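Please read all numbers here as calculations on a predicted model, not as lab measurements. Throughout, protein chains are lettered first and strands after them, A, B, ... in sequence-line order, and every chain is numbered starting at 1.
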Amino acid sequence: MTATPRVRFAPSPTGQVHIGNIRVAIFNALFARHEGGHFLLRVEDTDLERSTPEAVEALMEVMDWLELGADEEPLFQSRRREAHLAAAEQLIQGGHAYRHARSAEEAPATFFRVQPIPDTEHSGTRSVGEQQLALMADHPLRVDFSGIQWVGVSRKGKADPAACCLEGMADLKVLDAEGAVLFSLAENLDAVKSGELEFESEAGASLQFTRREIWFKDGVKGELAKSLDAMKDLVIVRGDGSPVFHLANVLDDIEQRVSHVIRGDDHVENSYRHLALYAALGESAPVYAHLPMIVNEQGKPYSKRDGDAFVGDFRAKGYLAEALFNYLALLGWSPGDDREKLNRDELIEAFSLEQVQQSPAQMDFRKLNHLNGQYLQDLPQDLYLADVRDLLSRQPWAEGCSLDTWTSFALLMRPRLQRYAEVLDWSWLAQADFERNEKALKRGLGKAWQRNAAEALLEKLEAGSSLSEAREAVCAEQELDPNKLMLPVRVGLTGQPGGPDLEELLGMMDSGSFAERLRISLAAL
RNA sequence: GCCCCCUUCGUCUAGUGGCCUAGGACACUGGGUUUUCAUCCCAGCGACAGGGGUUCGAGUCCCCUAGGGGGUGCCA
């Protein structure tokens with residue numbers, strides 16, 4: 001494998017882009033950049049029922065936001081339908097596929113004949129010895145051009161129906177109770193394949209065959225294998241004439257000259273079939289690597305129903321693209337050392353499939369929040385201010401303050417911000433009549449002395465004193481340490497349990513509304 | 001049911017037979033800094049799923065059990 005690696009991200013544009021999906025894209029991009037290869041995009045929009053232009057647009061937006069630009073124009077799978085169907089026809093001509101209806105009502109579909117694959121460095125077929133399978137008595141066994149069906153005996157002695165492709169047990173012998181051969185597939189394989197010969201029996205006692213398995217070296221999971229006698233032929237073109245995922249996916253990977261297929265764990269079993277498809281097509285197979293799934297807080301994989309798992313929502317909630325990218329890269333992968341905050345270049349530099357975890361990873365929003373907070377602190381100030389300003393420009397209540405006020409306030413709030421969404425809670429700065437936080441009120445005005453001080457303060461403000469005069473006077477009258485008065489003033493005027501330096505804060509607020517703010521706070525108590 | 005895969009603190013992870021008394025991060029708890037809150041600093045809590053082997057030595061290798069995930073579609 002000396003050519004430059006080519007990888008692809010191949011989502012189906014149905015609805016919003018999912019967090020698990022985009023992580024697959026991130027790993028692909030990281031791999032491509034690390035290897036100096038190409039990162040491609042393929043839109044698998046063959047499911048016309050569910051694929052929409054809106055979804056394609058949402059996909060592009062998300063990829064753009066995360067700077068996951070592909071190196072070549074995206075390939076739209078739906079436009080390759082004719083090529084897919086032509087390839088299916090070719091497979092039939094070559095004896096690798098056949099048309100067949102499983103019942104009289106169904107229109108015939110095209111089935112691919114699952115077969116052994118040639119040995120290469122990364123995959124192959126090997127024998128693992130002679131097998132003898134006991135058959136359930138009085139259950140039918142059938143061998144025809146579409147495969148082998150039988151009923152075995154499970155470990156618990158129960159009937160275990162099974163089926164496999166013809167090539168799975170090409171040297172099959174059906175034996176009776178005495179061990180005499182009732183049927184030998186090896187001698188009849190061609191006749192069976194062509195449909196000239198079928199074998200059916202109720203009397204078989206056991207099956208004898210050489211077990212062979214398809215194996216491949218997975219980039220993250222190591223060597224994986226699956227017995228051919230556990231694989232059935234698969235549909236590649238439906239009865240209605242539309243190509244199936246397996247066919248389209250493999251053909252398009254060939255078209256895009258994809259060298260490494262990095263995809264989710266849910267595709268592991270597909271890889272054996274896809275490998276067989278490559279073999280039948282006479283193409284060399286890619287290297288496969290399967291990524292662990294992301295699961296939700298219940299430990300279940302995110303489904304499309306998990307509302308908070310859409311990439312667009314993370315963006316809307318004020319997460320930074322770099323932070324989400326960093327966090328997602330760390331979900332199921334680590335650089336192998338203690339580093340956790342890595343920028344894109346560092347991630348690319350450190351990335352390797354061998355360091356990818358093999359078990360599912362759970363999203364931890366708190367850790368993501370923390371990381372996002374760090375990225376927010378690192379943002380150049382003008383960018384940060386521009387983002388905040390943009391957000392505020394869409395809030396009607398923000399008109400209550402000048403741009404200068406918001407700018408100074410945004411700077412004060414910066415160290416305590418984890419997500420931009422928190423900016424939406426800033427309305428208390430602009431209005432006197434905002435929603436009070438009950439806990440804060442209790443803490444700052446709940447005690448008798450606090451309340452007394454606040455009421456005295458209000459009285460003086462209403463009588464025309466300035467805030468500083470009023471505070472000084474109250475401290476003197478009630479023999480209060482000025483510091484002790486801080487909290488009641490803070491809560492009375494801002495309604496917030498904490499926040500930036502009080503004096504600076506008060507300087508920003510409309511002094512005319514101090515009395516009103518205090519009055520509302522006291523009344524809300 | 002059958003097939004495949006996985007299993008280290010609550011969570012993400014380091015670990016590739018001796019450097020592991022199992023390290024880091026988030027979260028949590030306590031302390032320091034701060035008029036408050038946050039930031040920041042320090043400390044604490046906290047895991048090799050269970051059982052058998054192999055080995056002088058096992059989180060690391062093998063087997064069994066349990067649990068989890070994936071597959072078993074004319075979905076992708």
Side-chain angles (χ1 to χ4, degrees), chain A residues 10-12 14 44-47 49-51 77 100-102 106-111 152 154-156 158-163 218 221-222 224-227 229-232 234-246 248-249 263-273 290 292-293 295 297 299-301 327 330-341 354-355 357-371 373-374 377 412-418 440 443-444 481-491 494 496-503 505:
Chain A
S12 308
T14 57
E44 301 212 329
D45 56 349
T46 45
D47 187 344
E49 291 283 306
R50 296 192 296 146
S51 300
Q77 190 161 72
H100 176 50
R102 279 172 180 165
E106 278 182 340
T110 305
F111 284 74
S154 77
R155 262 186 305 223
K156 286 174 184 163
K158 294 193 173 160
D160 177 20
D218 186 282
K221 301 173 104 66
L224 259 24
K226 178 155 181 115
S227 300
D229 50 284
M231 294 168 75
K232 285 189 286 186
L234 57 129
V235 173
I236 51 174
V237 179
R238 297 185 187 88
D240 69 3
S242 59
V244 166
F245 159 74
H246 302 291
N249 187 267
R263 53 176 21 166
D265 248 357
D266 49 341
H267 284 294
V268 171
E269 304 274 327
N270 287 338
S271 294
Y272 299 103
R273 304 161 171 177
H290 292 92
M293 312 296 275
V295 296
E297 267 142 275
K300 300 285 174 196
Y327 178 76
L330 251 30
L331 215 49
W333 173 82
S334 101
D337 51 40
D338 286 341
R339 288 178 298 162
E340 297 214 317
K341 184 161 175 284
E354 289 79 53
Q355 282 290 333
Q357 208 72 14
Q358 304 205 23
S359 47
Q362 207 173 85
M363 274 290 276
D364 183 358
F365 287 85
R366 290 171 301 194
K367 189 159 182 166
L368 170 61
N369 286 347
H370 175 84
L371 196 60
Q374 303 224 307
Q377 303 317 315
L412 278 179
M413 289 302 275
R414 169 113 110 135
R416 56 212 90 209
L417 210 60
Q418 278 196 324
R443 220 180 117 217
D481 181 334
N483 281 348
K484 293 269 278 187
L485 195 59
M486 290 284 198
L487 194 60
V489 170
R490 176 185 291 281
V491 171
T494 74
Q496 306 300 311
D501 183 84
L502 187 55
E503 305 304 338
L505 209 50

All N/O contacts under 3.5 Å from nucleotides 72-75 of chain B to the protein, with atom names and distances to one decimal?
| from | atom 1 | to | atom 2 | distance (Å) |
| --- | --- | --- | --- | --- |
| B:G73 | OP2 | A:Lys232 | NZ | 3.4 |
| B:C74 | OP2 | A:Arg102 | NH1 | 2.7 |
| B:C74 | O3' | A:Arg238 | NE | 3.4 |
| B:C74 | O2 | A:Gly239 | N | 2.8 |
| B:C74 | N4 | A:Glu106 | OE1 | 2.7 |
| B:C74 | N4 | A:Ala107 | O | 3.3 |
| B:C75 | OP2 | A:Arg238 | NE | 2.6 |
| B:C75 | OP2 | A:Arg238 | NH2 | 3.4 |
| B:C75 | O3' | A:Arg238 | NH2 | 3.1 |

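- Residues forming a side chain to side chain donor-acceptor pair (under 3.5 Å) with A:Arg102 (at least two apart in sequence, or on another chain): none.
- Of all nucleotides present, none satisfies the Watson-Crick or G-U wobble test against B:U33 with each distance under 3.5 Å.
- The distance between atom CD1 of A:Ile236 and atom C1' of B:A76, rounded to the nearest whole Å, is 17 Å.
- B:G24 and B:A14 have their P atoms separated by 15 Å, given to the nearest Å.
- Here the separation of B:G23 from B:C48, taken at their C1' atoms, is 13 Å to the nearest Å.
- Taking A:Ser271 as the reference, A:Arg263, A:His290 meet the side chain to side chain donor-acceptor pair (under 3.5 Å) condition, with sequence neighbours excluded.
- Of all heavy-atom pairs spanning A:Val295 and A:Pro360, the tightest one is CG1-CB, 3.9 Å.
- To the nearest whole angstrom, the two P atoms, one in B:U7 and one in B:U16, are 15 Å apart.
- Taking atom P on both B:U60 and B:C19, the two are 13 Å apart, rounded to the nearest angstrom.
- The gap from the P atom of B:A38 to that of B:G30 amounts to 12 Å, rounded to the nearest Å.
- Partners of A:His267 according to the side chain to side chain donor-acceptor pair (under 3.5 Å) rule, which considers only residues two or more places apart in sequence or in another chain, are A:Asn270.
- Spacing of P atoms, B:C62 relative to B:U54, comes out at 15 Å, to the nearest Å.
- For the C1' atoms, the distance linking B:C64 with B:G44 amounts to 39 Å, nearest Å.
- Shown here, B:C2 forms a base pair with B:G71; the pair counts as Watson-Crick or G-U wobble because both key distances fall under 3.5 Å.
- A:Arg443 places none of its side-chain heavy atoms less than 4.5 Å from the side chain of A:Val491.
- Under the 4.5 Å side-chain criterion, counting only non-hydrogen atoms from C-beta, A:Pro335 is not in contact with A:Gln355.
- Scored by the salt bridge (Lys or Arg N to Asp or Glu O under 4.0 Å) test, A:Asp240 finds no partners at all (sequence neighbours excluded).
- When all heavy atoms of A:Leu368 and A:Tyr327 are compared, the pair lying nearest together is CD1-CB, 3.6 Å.
- Evaluation of the side chain to side chain donor-acceptor pair (under 3.5 Å) rule for A:Arg238 yields A:Ser242 as partners, not counting sequence neighbours.
- Residue order along RNA chain B, read from the 5' end via each residue's closest nucleotide, puts A:Pro161 first among A:Glu44 and A:Pro161.
- Across all strands shown, nothing is found opposite B:A58 as a Watson-Crick or G-U wobble partner with both distances under 3.5 Å.
- In this entry B:G44 has B:C28 as its Watson-Crick or G-U wobble partner, both defining distances falling under 3.5 Å.
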Seminar exercise, completed: Scoring nucleotides 32-48 of chain B by protein non-hydrogen atoms under 4.0 Å (B base, S sugar-phosphate only, - none) yields ---BBBSS---------
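- Of all non-hydrogen atoms in A:Ala361 and A:Leu331, the two that sit nearest each other are CB-CG, 3.9 Å.
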Exercise. Could you write nucleotides 4-16 of chain B as a row of B, S and -, 5' to 3', where a protein heavy atom under 4.0 Å of any base atom gives B, of only sugar-phosphate atoms gives S, and otherwise -?
Worked result: SSSS--BBBSSS-
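- Taking a pair to require two hydrogen-bonding distances under 3.5 Å in either a Watson-Crick or a G-U wobble arrangement, B:A66 pairs with B:U7.
- When all heavy atoms are compared, the tightest approach of A:Ala109 to A:Val235 is CB-CG1, 4.0 Å.
- Using P as the reference atom, B:G32 and B:U21 are 35 Å apart when rounded to the nearest Å.
- A:Glu503 pairs by the salt bridge (Lys or Arg N to Asp or Glu O under 4.0 Å) definition with A:Arg471, not counting sequence neighbours.
- Contacts of A:Asp364 classified as salt bridge (Lys or Arg N to Asp or Glu O under 4.0 Å), with partners at least two apart in sequence or in another chain: A:Arg366.
- Side-chain atoms of A:Gln377 come within 3.5 Å of backbone atoms of A:Arg414 as a donor-acceptor pair (strictly under, hydrogens ignored).
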Polar-atom pairs under 3.5 Å, protein N or O versus N or O of nucleotides 17-22 of chain B: list them with distances, or write none.
none

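- In this structure, A:His267 forms no aromatic stack with the base of B:G71, since the conditions of centre separation below 5.5 Å and plane angle below 30° are not both met.
- Nucleic acid contact for A:His246: base, since at least one base atom lies under 4.0 Å from a heavy atom of the residue.
- Applying the salt bridge (Lys or Arg N to Asp or Glu O under 4.0 Å) criterion to A:Asp265, with sequence neighbours excluded, gives A:Lys221.
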